[in-house]
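Chain A is the first sequence line, chain B the second, and so forth, proteins listed ahead of strands; every chain is numbered from 1.
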Amino acid sequence: MQLHDTLSNTRRELIPALAEDGVVRMYVCGVTPYSESHVGHALHAIVFDVFRRYLDWRGIPVKHVQNFTDIDDKLIDRANRLGIPMHELAEQNIEDYHRQLTQMNVLPAHVYPRVTEVVPQIISFIQGLIDRGFAYASGGDVYYKVRQFGPAAYGALSRRDIDDLLSGARVDPTELKSDPLDFALWKGAKPGEPSWDSPWGPGRPGWHIECSAMALHALGEQIDVHGGGADLIFPHHTNEIAQTEAYTGKSPFARIWMHNALLQLGGDKMSKSIGNLVTIAEVLEKYGADALRMFVISSHYRSPSSYSDEALEAARAGAERLRNAAYSSGGAGEALETGDARERFTEAMDDDLNTPRALAVLFDLARDVNRGAAEGRDTANARSLLRELCGVLGLTLAAPEAEAQQAAPFIDLLVAVRAELRAAKQWQLSDRVRDGLLELGIEIKDGPEGTVWKAK
RNA sequence: GGCGCCAUGGCCAAGUGGUAAGGCAGAGCUCUGCAAAAGCUCCACCGCCGGUUCGAAUCCGACUGGCGCCUCCA
């Protein structure tokens with residue numbers, strides 16, 4: 001499988017893995033749980049979930065680690081404003097996030113490390129950097145010496161000249177950096193902030209160090225895939241590389257840097273800080289998990305896509321088409337061949353996770369199934385393959401009829417009565433039943449073998 | 001200002017040298033009491049200009065438009 005690597009700006013073969021055990025080690029930067037997650041986070045989660053599911057399906061063992069940054073400026077600010085402890089706010093949002101992942105049919109990562117759980121490892125990581133001459137304590141803070149790491153290496157991931165960064169660097173006169181490019185590994189405690197003891201006094205980890213420490217401890221010194229949103233390329237992942245490679249002395253830290261493009265909303269990036277966002281909860285409520293996933297996989301993960309009601313509605317309709325075909329009934333005739341659908345699907349996914357192309361294969365397959373059924377052929381195998389491949393993309397193909405289950409006996413009764421009305425050619429009354437049910441979200445379809453209904 | 005990305009039918013979106021996948025929406029037809037679902041048919045010469053080539057949406061250059069990053073951010 002080929003994947004695009006941000007660092008080398010080329011495609012790289014995922015296999016062979018770095019480690020001898022053949023396990024793909026993947027670290028994905030997760031969320032900072034200071035507020036409710038939005039669709040951009042959903043896109044991110046779904047992209048890596050599809051990747052993960054595809055590896056599972058191909059029989060490639062993968063260890064997937066995704067962190068929670070549960071020590072953070074915004075988390076502290078917000079918790080203080082709400083008058084609750086930081087960990088309580090984080091906990092609440094992490095719980096919500098996990099619940100939404102489940103609703104979106106996202107497989108859980110194998111490990112979900114949190115900063116608060118690895119503070120001792122972070123401290124020893126920082127101490128190691130100081131010992132190696134890549135960091136220095138200043139006041140109660142500790143800073144990373146960017147120039148020590150080397151201008152070329154530092155700017156490689158974001159393709160930037162280190163000197164251009166200077167103009168944009170935030171220079172805060174109260175900070176104790178010896179070079180504006182340097183960034184904080186450890187921040188000395190300020191009043192009203194949670195803090196941990198350290199060799200440099202009480203304080204807390206800076207933003208970037210936690211991922212280096214967590215990846216090191218959960219996966220090792222070098223990993224196969226490091227993922228995250230494109231907005232993390234600079235400075236977060238840039239700094240991670242600097243920290244980890246300086247600490248371990250090994251390069252590359254990650255063989256493949258995999259970044260998903262950011263979701264747009266009304267011409268702008270969907271972002272918590274800008275405030276233009278649609279929450280995951282809203283989308284799930286309005287369109288359901290399959291529509292959301294279909295929306296995400298309809299475009300390539302490295303192309304920016306825009307959230308819109310039209311797009312979600314189209315995705316919902318597409319998902320329904322696949323579901324209809326996957327659970328249609330075939331005939332008793334000759335079995336329908338699936339041709340090279342499986343190969344074409346695999347080929348597309350192997351090509352830098354080209355989900356739109358993979359999806360096209362599924363739609364082709366769905367058409368073949370429908371056509372075969374119309375010809376009275378046995379489509380069981382084809383439908384089975386369709387369900388299997390939809391599963392690889394994480395589509396549930398579940399009918400949104402959880403609520404309808406309760407009402408099923410009553411609906412069945414109405415359908416039965418309508419059948420009698422139709423037999424008596426009482427079209428007006430029978431249509432009234434059908435239209436009435438439709439208004440209540442139940443769709444009726446009359447076929448040769450009788451009438452079926454489903455929740456819409 | 002610096003670095004980078006993108007521009008394909010009404011909407012979305014594949015395609016990186018040989019003459020445009022797929023989905024949604026729309027139109028017609030078939031099936032059907034009607035409807036739904038489904039099937040068939042129809043619907044683009046790929047932002048603009050120039051160049052390379054036997055041949056370009058695909059390569060090169062210029063232009064126009066849009067977007068991202070430049071230490072909050074999936």
Taking [X] first and then [Y], would you say they form a salt bridge - that is, a charged N and a carboxylate O separated by under 4.0 Å?
X: D179(A); Y: R147(A); value: yes
X: E320(A); Y: K454(A); value: yes
X: E439(A); Y: R434(A); value: no

Considering only the [atom1] atoms, how many Å lie between [N] and [M], rounded to the nearest integer?
N: rG51(B); M: rG17(B); atom1: C1'; answer: 15 Å
N: rU71(B); M: rA14(B); atom1: C1'; answer: 36 Å
N: rC45(B); M: rC5(B); atom1: C1'; answer: 26 Å
N: rG18(B); M: rA57(B); atom1: P; answer: 11 Å
N: rA44(B); M: rG22(B); atom1: P; answer: 13 Å
N: rG15(B); M: rC59(B); atom1: P; answer: 12 Å
N: rA37(B); M: rC69(B); atom1: C1'; answer: 47 Å
N: rC43(B); M: rC24(B); atom1: C1'; answer: 14 Å

Quiz item: Among pairs that include at least one residue of residues 287-296 of chain A, which meet salt bridge (Lys or Arg N to Asp or Glu O under 4.0 Å), considering only residues two or more places apart or in two chains?
Solution: D49(A)-R293(A)
Exercise. May I ask you to verify if any side-chain N or O of S328(A) is less than 4.0 angstrom from the OP1 or OP2 atom of rA38(B)?
Key: no
Quiz item: Closer than 4.0 Å, any side-chain N/O of T69(A) to the OP1 or OP2 of rA74(B)?
Solution: no
Practice problem: Tell me which residues in residues 230-239 of chain A put a heavy atom below 4.0 Å from RNA chain B, sorted by number, or none. | Solution: D231(A), L232(A), F234(A), P235(A)
Exercise. Using a cut-off of strictly less than 4.0 Å between a heavy atom of the residue and any atom of RNA chain B, enumerate the qualifying residues of residues 341-358 of chain A by number.
Key: N354(A), P356(A), R357(A)
Run the side-chain contact (heavy atoms from CB on, under 4.5 Å) test against [X] and tell me which residues pass, sequence neighbours left out.
X: S298(A); answer: M294(A), L359(A)
X: A213(A); answer: I122(A), F125(A)
X: H87(A); answer: P85(A)

Between [X] ([atom1]) and [N] ([atom2]), how many Å, whole number?
X: H44(A); N: rG68(B); atom1: NE2; atom2: P; value: 19 Å
X: L7(A); N: rC69(B); atom1: CG; atom2: P; value: 20 Å
X: K74(A); N: rC73(B); atom1: NZ; atom2: P; value: 6 Å
X: H259(A); N: rC5(B); atom1: NE2; atom2: C1'; value: 14 Å
X: L263(A); N: rG68(B); atom1: CG; atom2: C1'; value: 13 Å
X: E320(A); N: rG23(B); atom1: CD; atom2: P; value: 15 Å
X: I297(A); N: rA13(B); atom1: CD1; atom2: P; value: 14 Å
X: L322(A); N: rG23(B); atom1: CG; atom2: P; value: 10 Å

Just to be sure I understand the rule, does [X] reach a base, reach only the sugar-phosphate, or reach nothing, if contact means heavy atoms closer than 4.0 Å?
X: E310(A); answer: nothing
X: G30(A); answer: sugar-phosphate
X: G40(A); answer: base
X: S308(A); answer: nothing

Heteroatom pairs (N/O) under 3.5 angstrom, protein to nucleotides 2-4 of chain B:
| residue | atom | partner | partner atom | Å |
| --- | --- | --- | --- | --- |
| rG2(B) | O2' | D164(A) | OD2 | 2.6 |
| rG2(B) | N2 | R160(A) | NH1 | 3.4 |
| rC3(B) | O2' | R159(A) | O | 2.5 |

Self-check item: Pair H98(A) and F68(A), ring centroids less than 6.0 Å apart
Solution: yes
Quiz prompt | Close aromatic pair by centroid cut-off 6.0 Å: H41(A) and H38(A) | solution = yes
Exercise. Rounded to the nearest 0.5 Å, what's the gap from CG on L397(A) to OH on Y327(A)? Could you check?
Key: 5.5 Å
From [options], pick the nucleotide closest to the side chain of [X]?
X: A360(A); options: rG23(B), rU71(B), rA21(B); answer: rA21(B)
X: Q264(A); options: rG68(B), rG22(B), rG33(B); answer: rG68(B)
X: N324(A); options: rA21(B), rA37(B), rG33(B); answer: rA37(B)

Practice problem: Verify the stacking flag for W427(A) against rG33(B): centroid separation must be under 5.5 angstrom and the ring planes must differ by under 30 degrees. | Solution: yes
Quiz item: Would you call the rings of F183(A) and H208(A) parallel, tilted or perpendicular if under 30° counts as parallel and over 60° as perpendicular?
Solution: perpendicular
Quiz item: H259(A) and H237(A): ring-ring contact (aromatic ring centres under 6.0 Å, His included), yes or no, with the steps?
Solution: CA-CA 10 Å; H259(A) 292 105; H237(A) 289 163; 5.0 Å; yes
Exercise. Sequence neighbours left out, what passes side chain to side chain donor-acceptor pair (under 3.5 Å) with R160(A)? Give chain and number order.
Key: S158(A)
Exercise. By nearest nucleotide on RNA chain B, pick out whichever of K445(A) and R418(A) is the more 5' one.
Key: R418(A)
Quiz prompt | RNA chain B: 5'-proximal contact among D72(A) and D364(A) (nearest heavy atom) | solution = D364(A)
Practice problem: With sequence neighbours excluded, tell me which residues meet salt bridge (charged side-chain N to carboxylate O under 4.0 Å, His left out) with R302(A). | Solution: D352(A)
Quiz item: Applying ring pair (Phe, Tyr, Trp, His ring centres under 6.0 Å), which residue pairs with at least one partner in residues 347-367 of chain A are found, sequence neighbours left out?
Solution: none
Side-chain donor/acceptor pairs under 3.5 Å, residues 337-350 of chain A, sequence neighbours excluded:
| residue | atom | partner | partner atom | Å |
| --- | --- | --- | --- | --- |
| R342(A) | NH1 | E388(A) | OE2 | 3.1 |
| R342(A) | NH2 | E388(A) | OE1 | 3.2 |
| R344(A) | NH2 | D364(A) | OD2 | 3.1 |
| T346(A) | OG1 | R342(A) | O | 2.8 |
| D350(A) | OD1 | Y54(A) | OH | 2.8 |
| D350(A) | OD1 | R58(A) | NH1 | 2.8 |
| D350(A) | OD2 | R58(A) | NH1 | 3.1 |

Enumerate the protein-to-nucleotides 39-41 of chain B contacts in which both atoms are nitrogen or oxygen and the separation is below 3.5 Å.
| residue | atom | partner | partner atom | Å |
| --- | --- | --- | --- | --- |
| rG39(B) | OP1 | R321(A) | NH2 | 3.4 |
| rG39(B) | OP1 | N370(A) | ND2 | 3.3 |
| rG39(B) | OP2 | R321(A) | NH1 | 3.4 |
| rC40(B) | OP1 | R371(A) | NE | 2.9 |
| rC40(B) | OP1 | R371(A) | NH2 | 2.4 |

